[in-house]
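Just below is one structure, and these are the notes that go with it.
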Protein chains: 2
Amino acid sequence: MPKTYQIGELARQADVPVETVRYYESLKLLPKPGRAANNYRQYTQVHLERLSFIRHCRSLDMSIDEIRQLLRVRDRPEADCAEVNAVLDEHIEHVGQKLSELQRLKRQLIALRERCQTASRGADCGILAGLAETQAIGSERPRDGHRKRSVHRD
Amino acid sequence: MPKTYQIGELARQADVPVETVRYYESLKLLPKPGRAANNYRQYTQVHLERLSFIRHCRSLDMSIDEIRQLLRVRDRPEADCAEVNAVLDEHIEHVGQKLSELQRLKRQLIALRERCQTASRGADCGILAGLAETQAIGSERPRDGHRKRSVHRD
DNA sequence: TCACACCCTGTAGTAACTTCAGGGTCAAGC
DNA sequence: GCTTGACCCTGAAGTTACTACAGGGTGTGA
């Protein structure tokens with residue numbers, strides 16, 4: 001008999017909260033495990049590996065939908081992995097975009113911060129004045145590239 | 001009589017969707033405007049300036065709660081603006097943290113991507129193999145500093 | 001009178017979880 | 001036998017900052 005795990009042990013091994021495991025099951029990322037006589041979930045090594053895979057992808061900030069695509073390839077090993085490359089390339093680009101957005105943002109914030117070095121009266125605060133100016137300081141508005149679509153539950 | 005705006009015009013001037021204006025009202029970021037005989041909202045220049053302030057803060061990726069703090073200072077101009085500085089400093093640090101997290105992330109993704117340059121069979125794909133490894137590649141897990149608390153609606 | 005653009009309220013959906021309420025199960029200790 | 005505590009269960013609601021939608025009213029030009 002292969003070793004089985006209760007949800008708590010599985011969760012510890014994969015370093016995930018227990019609720020998240022159940023959540024992934026509801027999203028069908030994890031297959032429904034067997035149940036013991038007391039209705040507790042019974043997981044196997046296969047579940048643990050799949051869960052680790054998912055968490056690793058999440059730690060790389062992939063969306064659930066991206067992970068779904070990777071799992072699909074993973075589930076039929078004969079298929080070629082061009083799709084994997086595509087997912088990853090796209091994801092790398094998203095991250096790159098976000099990165100430059102954040103860099104711009106930080107420059108703006110620092111410029112703003114320099115307008116009030118002393119704790120002066122609010123009325124004279126250069127920061128509040130700067131924020132009130134209708135023109136944004138370094139300007140353009142990017143706001144949220146990389147939106148994703150619905151995550152269906154049962 | 002000072003000029004008044006309907007919600008649509010206010011929204012155009014501040015470059016915000018109309019729904020967002022109503023949403024801000026529900027959060028009490030914007031005071032309730034007067035109403036015309038037909039029950040349409042009637043905004044003034046004061047509303048426009050406050051809305052622009054809010055949008056500018058949002059374009060700097062501040063949270064609603066952070067903006068609330070800034071508005072509080074803005075609403076009593078006699079108060080000193082040390083709080084403004086604090087909010088901004090903290091925000092700058094959050095952004096800086098997120099930035100280095102993303103940089104680390106991108107490095108990891110690129111390293112991963114190099115494991116499969118050719119469209120090989122999924123079974124041999126270095127990327128899938130890499131993602132299956134329990135040890136994260138560059139590792140540590142940061143995941144979400146900078147969490148914020150509830151935004152109360154009416 | 002019609003189309004059409006605008007306005008209203010209230011509710012639900014988005015991403016990826018987390019938290020909570022209200023239970024059942026099981027082993028150890030008294 | 002009973003309690004305590006750690007574990008498990010389900011289902012629903014909360015988190016952030018909106019966005020979208022349903023189902024209506026208002027105002028203006030042709």
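Throughout, protein chains are lettered first and strands after them, A, B, ... in sequence-line order, and every chain is numbered starting at 1. All values below were derived from every heavy atom in this structure, side-chain atoms included, with hydrogens, water molecules and symmetry-related copies excluded.
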Distance below 4.0 Å between [X] side-chain N/O and [N] OP1 or OP2:
X       : N      : answer
B:Tyr24 : D:dC18 : yes
A:Arg58 : C:dC17 : yes
A:Arg12 : D:dA6  : no
B:Thr20 : D:dA17 : no
A:Arg41 : D:dC9  : yes
A:Arg35 : D:dT10 : yes
B:Ser63 : D:dT16 : no

Tell me the interatomic distance from [X], atom [atom1], to [N], atom [atom2], rounded to whole angstroms.
X       : N      : atom1 : atom2 : value
A:Ile7  : C:dC26 : CD1   : P     : 16 Å
B:Gln42 : C:dC7  : CD    : C1'   : 13 Å
B:Glu19 : D:dA20 : CD    : C1'   : 8 Å
B:Lys28 : D:dA17 : NZ    : P     : 17 Å
B:Ile67 : D:dC18 : CD1   : C1'   : 13 Å
A:Met62 : C:dC17 : CE    : C1'   : 19 Å
B:Glu9  : C:dC7  : CD    : P     : 9 Å
A:Tyr23 : C:dA15 : OH    : P     : 8 Å

Quick one: side chain to side chain contact (heavy atoms under 4.5 Å, CB included) partners of [X], sequence neighbours excluded?
X        : answer
A:Ser100 : A:Gln103
A:Thr20  : A:Val16, A:Pro17, A:Tyr24, A:Arg55
A:Ile110 : A:Lys106, A:Glu114, B:Ile92

Please report the shortest heavy-atom distance between A:His91 and A:Leu60, naming the atom on each side.
NE2-O, 2.9 Å
Please find the pair of heavy atoms, one from A:Val18 and one from A:Gly8, that lie closest to each other, and give the distance.
CG2-CA, 4.0 Å
Cationic N near anionic O, under 4.0 Å, [X] to [Y]:
X       : Y        : result
B:Glu49 : B:Arg74  : no
B:Asp61 : A:Arg104 : no
B:Arg72 : B:Asp75  : no

Dump the pairs, protein N or O against N or O of nucleotides 23-27 of chain D, anything under 3.5 Å, distances to one decimal.
residue : atom : partner : partner atom : Å
D:dG25  : N2   : B:Tyr40 : OH           : 3.0
D:dT26  : O4'  : B:Tyr40 : OH           : 3.2
D:dG27  : OP1  : B:Asn38 : ND2          : 2.9

Indicate whether any N or O donor in one side chain lies under 3.5 Å from an N or O acceptor in the other, for A:His47 and A:Thr44.
yes
Can you identify which nucleotide, out of D:dC9, D:dT19, C:dC6, has its nearest atom closest to the B:Pro17 side chain?
D:dT19
Base, sugar-phosphate or nothing for B:Arg22? Non-hydrogen atoms, less than 4.0 Å.
base
Can you list the residues that meet the salt bridge (Lys or Arg N to Asp or Glu O under 4.0 Å) rule with B:Glu19, with sequence neighbours excluded?
none
Over the length of the helix from C:dT1-D:dA30 to C:dC30-D:dG1, how much do the five-pair end axes diverge, rounded to 10 degrees?
30°
